[in-house]
Amino acid sequence: MSKKEKHEIVWQDRKHHLWFPLGFSKYFVENGRLYIDSGFLSSREDECLLYRILDISMKRNLLQRIFGTGTIELNTKDRSTPIIRLENISHPLETKRLLSNLIEEDRRDKRVEGKDMYGASNHYDSVEHDIDDCDCDCHNL
């Protein structure tokens, strides 16, 4: 894979108001990462590695269904952004499917398996988990 292909933007959108892409939040996937660029006067850019995304859900209220938008919520293993919301994006179902495929592809490429994601929820931290004081079977896996 050449450097040009490696840094190609695979998907991009921005927050919509009704069906107009007028929001100051921009979303894009590039080089195995999801970027969220938000703000007008002051801006912020968040980044999450695709393989760290654990779960994807899509929500659409009546207005979003009428105007062809929706919100995708991503639960991640990332401490700084455990929940990422891609708000009011166009073609949300297609985007959800694309992201799901990209996440699986990235996990395959990095050889990240399901057992590597065990304990990845925000409720479990292997550093703080003391095996000697544990009543669960998690250390026997």
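Sequence positions, counted from 1, serve as the residue numbers for this chain. Owing to the predicted nature of the structure, the values given are computational and were not obtained by experimental measurement.
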Sequence neighbours excluded, every pair satisfying side chain to side chain donor-acceptor pair (under 3.5 Å) that has a member inside residues 33-44: Arg33-Glu47, Arg44-Asp46
Donor-acceptor under 3.5 Å (Arg85 side chain, Glu73 main chain): no
Asp106 to Gly32 - nearest heavy-atom pair and separation: OD2-O, 4.0 Å
Side-chain (His16) to main-chain (Asn88) donor-acceptor, under 3.5 angstrom: yes
Qualifying residue for side chain to side chain contact (heavy atoms under 4.5 Å, CB included) with Val29, from Ile103, Leu102, Thr95: Leu102
Min side-chain heavy-atom separation Asn101-Leu99 under 4.5 Å: no
Side-chain heavy atoms of Ile89 within contact of Trp11, under 4.5 Å: yes
Joint hydrophobic cluster, Phe24 plus Tyr27, side-chain heavy atoms closer than 4.5 Å: no
Hydrophobic cluster identity match, Leu98 and Phe28, side-chain contacts under 4.5 Å: no
Atom pair CG (Leu34) and CG (Leu86), whose distance is rounded to the nearest 0.5 Å: 5.5 Å
Donor-acceptor under 3.5 Å (Asp78 side chain, Arg52 main chain): no
Test side-chain hydrogen bond (donor to acceptor under 3.5 Å, both in side chains) applied to Glu87 - qualifying residues, sequence neighbours left out: none
Any donor-acceptor pair under 3.5 Å from Arg60 side chain to Thr69 backbone: yes
Residue pair Ser57 / Ile72, side-chain heavy-atom distance below 4.5 Å: no
Interatomic distance, Tyr51 atom OH to Leu54 atom CG [nearest 0.5 angstrom]: 11.5 Å
Side chain to side chain contact (heavy atoms under 4.5 Å, CB included) between Gln64 and Thr71, worked out: CA-CA 9 Å; Gln64 288 175 320; Thr71 298; 3.1 Å; yes
Set of residues satisfying side-chain hydrogen bond (donor to acceptor under 3.5 Å, both in side chains) with respect to Ser100, sequence neighbours excluded: none
Basic-acidic side-chain contact under 4.0 Å: Glu104, Arg107: yes
Separation between CD1 of Ile53 and CG of Leu74, rounded to the nearest 0.5 Å: 5.0 Å
NE2 (His91) with more than 12 external heavy atoms under 6.0 Å: no
Rounded distance (nearest 0.5 Å) linking atom OG1 of Thr76 with atom CG of Asp55: 11.0 Å
